[in-house]
2 protein chains.
Amino acid sequence: MLATARSKLRRSASLRDPERTRRKLLDAGFREVYERGYQSADLDAVLERAGVTKGALYYHFENKEALGHAIIEEVIAEMTRQKWHIPLQKGNPIDTLIHIVQSTRTEVAEMRGGCPFNNLAQEMSPLDEGFRKRLAKILSEWHGAMAGAFRRAQAEKMLRKDLDPDDEATFVIAMYEGYISLAKNSQDPKLLKSGKRRMIDYLESMRA
Amino acid sequence: MLATARSKLRRSASLRDPERTRRKLLDAGFREVYERGYQSADLDAVLERAGVTKGALYYHFENKEALGHAIIEEVIAEMTRQKWHIPLQKGNPIDTLIHIVQSTRTEVAEMRGGCPFNNLAQEMSPLDEGFRKRLAKILSEWHGAMAGAFRRAQAEKMLRKDLDPDDEATFVIAMYEGYISLAKNSQDPKLLKSGKRRMIDYLESMRA
DNA sequence: GCTAACATACCAACTAGTATGTATGTAAAT
DNA sequence: ATTTACATACATACTAGTTGGTATGTTAGC
């Protein structure tokens, strides 16, 4: 009875589990790419992080590029959905956005890494259309989720009617990414704290 | 008589001219780094662009890192001064900033490269303190030039007194870099055009 | 027994850096 | 004025380390 349950639910960690192996490769790949960039990401380092070997990597992914694509589509896109799309689905989007901004960490260790989406976008967009399009899709869906929430908020009289939802969504994202980028370089908590105040002030000014 | 003039003024292009060679290496290095990133920049490609060989490179620069540092300090810092510091030294800084924003190209080919400063800052800041500090100095001076112009504008009653010059300078830079970053990925002129309008609207709202 | 899911060993290409050679400019000595 | 001496300013050829990818072997699970 225990044996049958294992097949779907309690998978032993040390035995064979291709989905779990693939997950570990994606997670390890993401961390490596996040820290060093895609082009400088070392596949041997990815394997060490994941605790597997070359055979496992090239069984699950055709090559380095395919791993990079999967990291975008499955890891980064999912992080974006968790952080932005889902909270924006209900409630007052202004409150939601203020909460997201407010909870942005200003410790040096946190600022240091920057935004996973923007890091990859800046590095790869001019170099590879496969990467650029996949990242542009994330941006488009991010923008769509926010603009949609703005339209709903206007209908529910939570957001000023004179604001264009699309322009505002683009503006909020640009502002946010801009501050995160500057903070990543300056390593100065004061910069990001100033940014958080300014962004929250602006979000407040959007209320109906 | 012509022979003596050559020594300082009319240096023949094909003969020896170490300053000119160094310049060509810096320019070629900048273009290579701008297109591919520092870590992926190929020194052989730099040499081909510059039209010189390894000997020339390693005579003028100790190693790849030293070339990278020089590119930041001499090329990118100078570009920033030309584009921002000098125009901000006199006149109404709001007019100056609006003009800079207005003249930002929205063609795909122009958006594609992104901001040279931000490109390098995003790639290298978490990886190398030598790069990060040199880039942070550019950001600090950029910010200082703008905040200084804002303070002057407040004294001359061109800028609202309720605005904090430091916070405003950081905000303008973050906004600008944010939009440039998004445009680089999206490749959509509409995004940047929307950003230009929003930035100009905001700058107008800063007037006393 | 067969295939999926890996592990191991190896290779070929790329690339930063070096070692060495050489031509040029220049200043002092003759 | 010419030669000598020497440092400068490169060019050429090579090396060593890295790294993405492959070929082959091995084990688990049905």
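Order of the sequence lines fixes the chain letters, A, B, ..., with proteins taken first and strands second; residue numbering starts at 1 for each chain. When reading the values below, keep in mind they use all heavy atoms of this one structure, side chains included, and skip hydrogens, waters and symmetry mates.
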*Treat primed atoms plus P, OP1 and OP2 as sugar-phosphate and everything else as base, then score nucleotides 10-17 of chain C 5' to 3': B for base contact with protein heavy atoms under 4.0 Å, S for sugar-phosphate contact only, - for none.*
-----SBB
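- Residue pairs meeting the salt bridge (Lys or Arg N to Asp or Glu O under 4.0 Å) criterion with at least one member in residues 56-69 of chain A: none, sequence neighbours excluded.
- For F131(B), the ring-ring contact (aromatic ring centres under 6.0 Å, His included) criterion is met by Y38(B), H69(B), not counting sequence neighbours.
- Here the nucleotide nearest the side chain of R16(A), chosen from dC6(C), dA7(C), dC10(D), is dC6(C).
- One interatomic measurement links the two molecules: CD of E19(B) to C1' of dG25(C), which rounds to 15 Å at whole-angstrom precision.
- Between L57(B) atom CG and dA11(D) atom C1' the separation is 13 Å, expressed in whole Å.
- dT22(D) atom C1' lies 17 Å from atom NE2 of H60(A), rounded to whole Å.
- Among residue pairs with one or both ends in residues 40-51 of chain A, those qualifying as salt bridge (Lys or Arg N to Asp or Glu O under 4.0 Å) are E32(A)-R49(A), E35(A)-R49(A), D44(A)-K54(A); sequence neighbours excluded.
- Using a cutoff of 4.0 Å between basic side-chain nitrogens and carboxylate oxygens, E168(A) and R151(A) are not scored as salt-bridged.
- Computed from coordinates, the L67(A) CG to dG20(D) P distance equals 11 Å when rounded to whole Å.
- Residues passing the side-chain contact (heavy atoms from CB on, under 4.5 Å) test with D95(A), sequence neighbours excluded: N92(A), R207(A).
- Rounded to a whole Å, the CD atom of E48(A) is 13 Å from the P atom of dT8(C).
- Regarding R20(A), its CZ atom lies at a distance of 17 Å from the C1' atom of dA28(D), rounded to whole Å.
- Protein atom CG of D17(A) is 20 Å distant from nucleotide atom P of dT27(D), rounded to whole Å.
- Pairs of residues two or more places apart, or lying in two chains, that qualify as ring-ring contact (aromatic ring centres under 6.0 Å, His included) and include a residue from residues 76-95 of chain B are W84(B)-W142(B), W84(B)-Y176(B).
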